[in-house]
There are 2 protein chains.
Amino acid sequence: MTAGPHSPHTLMIRKLESIFRLSDEEKQALQGLPVQLQVLRADQDIVRVGDRPSQCCLLVEGYTCLYKLTTEGKRQIVAFQVPGDMPDLQSLHLKVLDNSLATVTPCTVAFIQHEDLRRICARYSRITAALWRETLVDASVFREWVLNVGRREAFSRMAHLLCEFRVRLKAVELAEGDTFDLPFTQGELADAIGTSNVHVNRVLRELRTKGLIRSKGIQVTIPDWEKLKEAAGFDPLYLHLEQDRAA
Amino acid sequence: MTAGPHSPHTLMIRKLESIFRLSDEEKQALQGLPVQLQVLRADQDIVRVGDRPSQCCLLVEGYTCLYKLTTEGKRQIVAFQVPGDMPDLQSLHLKVLDNSLATVTPCTVAFIQHEDLRRICARYSRITAALWRETLVDASVFREWVLNVGRREAFSRMAHLLCEFRVRLKAVELAEGDTFDLPFTQGELADAIGTSNVHVNRVLRELRTKGLIRSKGIQVTIPDWEKLKEAAGFDPLYLHLEQDRAA
DNA sequence: CGTCACGTTGAACTCGCTCAAAACGGGTGG
DNA sequence: CCACCCGTTTTGAGCGAGTTCAACGTGACG
């Protein structure tokens, strides 16, 4: 199921290279980036609302989520991250964090100092552009989530989340064929699609009985991709994965 | 009510200067940016999903919105823009648009060629950082909207939208005191907070009867700002308006 | 073998939707 | 200046998706 963890530098270079080829010099600069690896347990906050971090992190292994809380304490997950993602890259230019970042599963993360990133950005404008682009893709995903939560009913919402997750896992080679791991509790899924955990349970059952998914433990299988996409109203455009392959 | 329209260059410089002081050279570079002004009617698409624009636009006067549609045709507005905003700045690095941009009121917009922006970014890294930051603030607003639509009930959602709009208008001096214009139909408000227009009507009435807002035509007055903020669970942090004034 | 977190199911309830009709208001043409 | 028109706002009534509360099942783990 898993392609095994890569080094943080490899992950980052691979991701940026999915946009355009990096020069050897650019690659070397990235390779030289000092990082501090850290292993974290599940359900641990990495940074919190109001923090003013001097570093940002690169997810190497495991899954994290960004979340926000209402004043009454209701939680909304606004994004999940998969290995290779930089969940709080925004903190490079926004001093105060407006959301919290937490592990969902046990994780390995690599911390990179802002000043080191800034130094590289100052020198290599194409790396700046690539990192900027990453944050723009994140923003695009947020927009889709607003649509998902605002205008789809729970059934499609869940289907949509599954579609997104599958596509993103495939992109980092963490999904094989039509099967992948979904290591989230139903409560976490509920916080992501803006429903109650009870209803998540019912929606998952409906997805199962309609043959749109099969599941065994945390493993999910999608027997008919087209059918699930249709149920979700899923169009991968918003993930901006294939820069110019269509052109 | 209105401070009158500014030139596109003034708007842009003023906005970027709210983060850090620009040098004279940087200001001159921005002043020299070629722009093409255009006046648009209300309810007109400026760019659409799937477009591959070679320019992006700066809103000079009026209000626009970003929106997405589900496959069944339900519309979700994912953001409003006020004068000074660059609604599709994302297109600078994302080739294909994943949302549409439309005027809500009659608008004046200034189109700026991507190549011109890129030239300036290549030369002035602080302008790059400031523009990048703008897109990060946009992303922060999307995150808050996911929370708003996902975890608040309609009443608070509407209150929250009003709070956001008021704060953002104040920032560009388009709100005086506790009164501002809300030139949206209830249908548009419904698409923004993910409810039906009928329910928007009822929620607005409730806000009125509870004394949280007063309204006359498109003018909205907020008699008790703290009370509305509380009803909304509104914390302006996510708008990232005051970079370091708190520090 | 008990415990604890998570998953599952039922039942009552509620927020918000849909459908439908009526009132309003601002612009246009006569 | 009036009459008309059309989009918008407002209100009512019935309905439905999803919530809350509560109970029970299940599997992992000490």
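Labels below follow one simple rule: chain letters A, B, ... track the order of the sequence lines, proteins then strands, and each chain is numbered from 1. Only heavy atoms go into these numbers, but all of them, side chains included; no hydrogens, no water, no symmetry mates.
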How many whole angstroms separate atom [atom1] of [X] from atom [atom2] of [N]?
X: B/His199; N: D/dG16; atom1: NE2; atom2: P; result: 18 Å
X: B/Leu204; N: C/dG16; atom1: CG; atom2: C1'; result: 15 Å
X: B/Asn197; N: C/dG16; atom1: CG; atom2: C1'; result: 12 Å
X: B/Met158; N: C/dG16; atom1: CE; atom2: C1'; result: 13 Å
X: A/Gln186; N: D/dT19; atom1: CD; atom2: P; result: 13 Å
X: B/Leu189; N: D/dT10; atom1: CG; atom2: C1'; result: 15 Å
X: A/Ile218; N: C/dC6; atom1: CD1; atom2: C1'; result: 14 Å
X: A/Glu153; N: D/dC15; atom1: CD; atom2: P; result: 19 Å

> Is the gap between the ring centers of A/Phe184 and A/Phe165 under 6.0 Å?
Replying inline: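 Yes: the rings meet the under 6.0 Å criterion.
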>> Checking the side chain of A/Asp43 only, and the main-chain atoms of A/Thr105 only, is there a donor and an acceptor separated by less than 3.5 Å?
In response: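 Absent.
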>> Tell me if a side-chain donor or acceptor on B/Thr195 pairs with a main-chain N or O of B/His199 at a distance below 3.5 Å.
In response: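 Pair absent, no side-chain N/O of B/Thr195 close to backbone of B/His199.
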> Between A/Val198 and A/Arg151, which has a closest nucleotide on DNA chain C that is more 5'?
Replying inline: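 The 5'-side residue here is A/Val198.
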>> Looking at A/Asn201, I'd like to know whether one of its side-chain N or O atoms comes within less than 4.0 Å of OP1 or OP2 on C/dG7.
In response: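 False: A/Asn201 side-chain N/O out of range (4.0 Å or more) of C/dG7 OP1/OP2.
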> Below 4.0 angstrom from OP1 or OP2 of D/dA17, is there any side-chain N or O of A/Arg202?
Replying inline: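 Looking at the OP1 and OP2 atoms of D/dA17, neither is under 4.0 Å from any side-chain N or O of A/Arg202.
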>> Heavy atoms from C-beta onward define the side chain here; which of C/dG16, D/dT11, D/dT20 lies closest to that of B/Arg205?
In response: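 That would be D/dT11.
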>> What's the closest nucleotide to the side chain of B/Ser196 if the choices are D/dT20, C/dT18, C/dT8?
In response: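 Within the option list, the nearest is C/dT18.
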> Does B/Arg157 come within less than 4.0 Å of B/Glu153, counting only side-chain N to carboxylate O?
Replying inline: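 Looking at B/Arg157 and B/Glu153, the cut-off is not met.
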